[in-house]
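A short worksheet on the structure shown next.
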Amino acid sequence: MMRLLNRYVISQMTVYTLYALLALVSLYSFFDIMGEISHVGDGRYTADKMLYYVLMLIPTHAYELMPLAVLVGALVCLSQMASNSEFTVIRTSGISLSNIISMMLQFGLFFAVIAALLGEYVVPRIGPYAEQYQLHARQNSISAGDSGIWLKQGKDIVNVAEMLPDGSLRDINIYRHDENFQLTETLHAFSAKVDVHSTEGKKSKWHLNKVDQSLLGKNQISVNHIENLDWKMSVNHQLLNILLVAPEQMSAIALSTYIKHLKHNHQQTTRYELAWWRKIAYPLACMVMALVALAFTPQQNRHGNMGLKLFYGICLGLLFHFSGRLFGFTSQLYGVPTIIAAFLPTLLFLCLAVYLIRRQEKR
């Protein structure tokens, strides 16, 4: 009987959670469309490409909204069962509180696994591709890929492999061509800094460091080493931000490797360490939200009480969703340890859920 009851309740909560996730993702997609519609017409960015870009953002939104969907779906389902007296029958038929908690944890674990798979395998692949797709559609002279970003300025083609969090560029290649598009000069710089304040018209100045210059003549190649060289670019420097790897779009393994790389280059790693700990804490939040839903489930089928608790529960879910970002900013601004900033919201809501469940049981 217990196995049959588990299957029934978990399946019902799963259906409601999927409905909640669909509604939340649809709402976020609507906001994405409203934000992108003003860019339609830029370059080759048509309405169908804009919609395709918004569709590619859905897995990222699903991952971010999973705990909230678990809370809303479970809370609506359990409240519906309480209004039909099903929850009361379950409690009075000899099913202990520990069995119900176990049922909720199994339900939360199912969505925790889905969230972990999305965050580790799906979002790190689709997220960066979506940003590159949008950039390539809006900017005809720019494309991005595994080798970095490629820029075209007149007869020059520029390739930038990496941008570090402090805004410095690494591994820059510049290819210059003549009027017949024959290669005449190549420049390779180990690093560069973009001086956004020293602008002439629309051109920004790049300070190239450790430059190897190759001049291609008809019969010979001349190679020079230049320690520092200034280079003027007409491309908006903000477009280079596509090179900055968003930590939310990286897998835990990639984050570990990138954090070591940043430390080797003496860069700030707080944002990326916080994202790594969140990769661990976020799936656990689905299980905690399932317990929060149980804590806010009305024990009696009084409709006023049910509606009020449902409202409080949803507000609490929204609070959890945005508190994660707040603690993230706190960690970066005030030096709070990243592990605390990542796990504290989940732990606080776990304590709240345990307290409310125990108080309900004593009644």
Side-chain angles (χ1 to χ4, degrees), residues 12-40 45-80 107-108 110-119 121-131 133-134 137-138 246-249 275 278-279 281-290 292-293 296-297 306-329 345-346 349:
Q12 289 295 309
M13 289 191 295
T14 299
V15 170
Y16 277 93
T17 299
L18 292 176
Y19 281 137
L21 185 61
L22 178 62
L24 291 169
V25 168
S26 299
L27 181 62
Y28 268 63
S29 296
F30 174 76
F31 291 147
D32 288 337
I33 292 174
M34 291 296 100
E36 290 294 320
I37 200 167
S38 61
H39 300 304
V40 173
Y45 197 50
T46 57
D48 57 333
K49 290 185 177 180
M50 181 266 291
L51 291 175
Y52 183 57
Y53 168 68
V54 171
L55 284 174
M56 287 190 289
L57 297 179
I58 287 179
T60 302
H61 293 324
Y63 172 72
E64 294 173 346
L65 296 167
M66 192 70 72
L68 179 58
V70 167
L71 171 62
V72 174
L75 189 56
V76 171
C77 178
L78 293 177
S79 298
Q80 187 70 26
F107 160 72
F110 174 73
F111 283 96
V113 172
I114 294 177
L117 293 175
L118 281 174
Y121 298 105
V122 181
V123 173
R125 286 169 172 78
I126 295 182
Y129 176 77
E131 300 303 326
Y133 176 85
Q134 187 219 36
R138 291 181 57 190
E248 295 79 14
Q249 295 180 347
R278 278 181 174 172
K279 289 287 182 181
Y282 211 65
L284 299 177
C286 293
M287 301 174 69
V288 172
M289 289 299 104
V292 172
F296 277 85
T297 299
M306 182 186 307
L308 192 61
K309 283 206 168 188
L310 186 60
F311 174 75
Y312 286 157
I314 293 174
C315 289
L316 203 61
L318 292 172
L319 177 62
F320 174 81
H321 181 68
F322 293 107
S323 66
R325 299 182 181 183
L326 176 63
F327 280 100
F329 292 138
T346 303
F349 276 75

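Counting from 1, the numbers follow the sequence of the chain as shown.
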Tell me the closest heavy-atom pair linking [X] and [Y], and the distance in Å.
X: Lys279; Y: Gly119; value: NZ-O, 2.7 Å
X: Val40; Y: Ala47; value: CG1-N, 3.8 Å
X: Cys286; Y: Val70; value: O-CG1, 3.5 Å
X: Gly73; Y: Ala20; value: N-CB, 4.0 Å
X: Leu57; Y: Ala130; value: CD2-CB, 4.3 Å
X: Thr297; Y: Leu75; value: N-CD1, 4.1 Å

Gln80 versus Gln12, side-chain donor and acceptor atoms under 3.5 Å: no
For [X], what residues pass the ring-ring contact (aromatic ring centres under 6.0 Å, His included) criterion, not counting sequence neighbours?
X: Phe322; answer: none
X: Phe320; answer: Phe349
X: Tyr16; answer: none

Inter- and intrachain pairs under side-chain hydrogen bond (donor to acceptor under 3.5 Å, both in side chains), touching residues 59-70, at least two apart: Asp32-His61
Worked verdict on Met289 versus Leu68 for side-chain contact (heavy atoms from CB on, under 4.5 Å): CA-CA 7 Å; Met289 289 299 104; Leu68 179 58; over 6 Å; no
Spatial distance of atom [atom1] ([X]) from atom [atom2] ([Y]) [nearest 0.5 Å]:
X: Leu27; Y: Leu22; atom1: CG; atom2: CG; value: 11.5 Å
X: Met50; Y: Tyr45; atom1: CE; atom2: OH; value: 6.5 Å
X: Ile33; Y: Tyr53; atom1: CD1; atom2: OH; value: 12.0 Å
X: Arg138; Y: Lys49; atom1: CZ; atom2: NZ; value: 13.0 Å
X: Thr17; Y: Phe111; atom1: OG1; atom2: CZ; value: 4.5 Å

Qualifying residues under side chain to side chain donor-acceptor pair (under 3.5 Å), relative to Tyr282, sequence neighbours excluded: none
Sub-4.5 Å side-chain heavy-atom contact between Ile58 and Leu55: yes
Residue pair Leu21 / Leu65, side-chain heavy-atom distance below 4.5 Å: yes
Within 6.0 Å of CG in Leu319, more than 12 heavy atoms from elsewhere: yes
Other residues, nucleotides, ligands: >12 heavy atoms within 6.0 Å of Tyr19 OH: no
Worked verdict on Thr46 versus Tyr52 for side-chain contact (heavy atoms from CB on, under 4.5 Å): CA-CA 10 Å; Thr46 57; Tyr52 183 57; over 6 Å; no
Intermediate values then yes/no, side-chain contact (heavy atoms from CB on, under 4.5 Å), Met287 and Phe107: CA-CA 7 Å; Met287 301 174 69; Phe107 160 72; over 6 Å; no
Listed partners of Glu248 passing salt bridge (Lys or Arg N to Asp or Glu O under 4.0 Å), at least two apart: Arg271
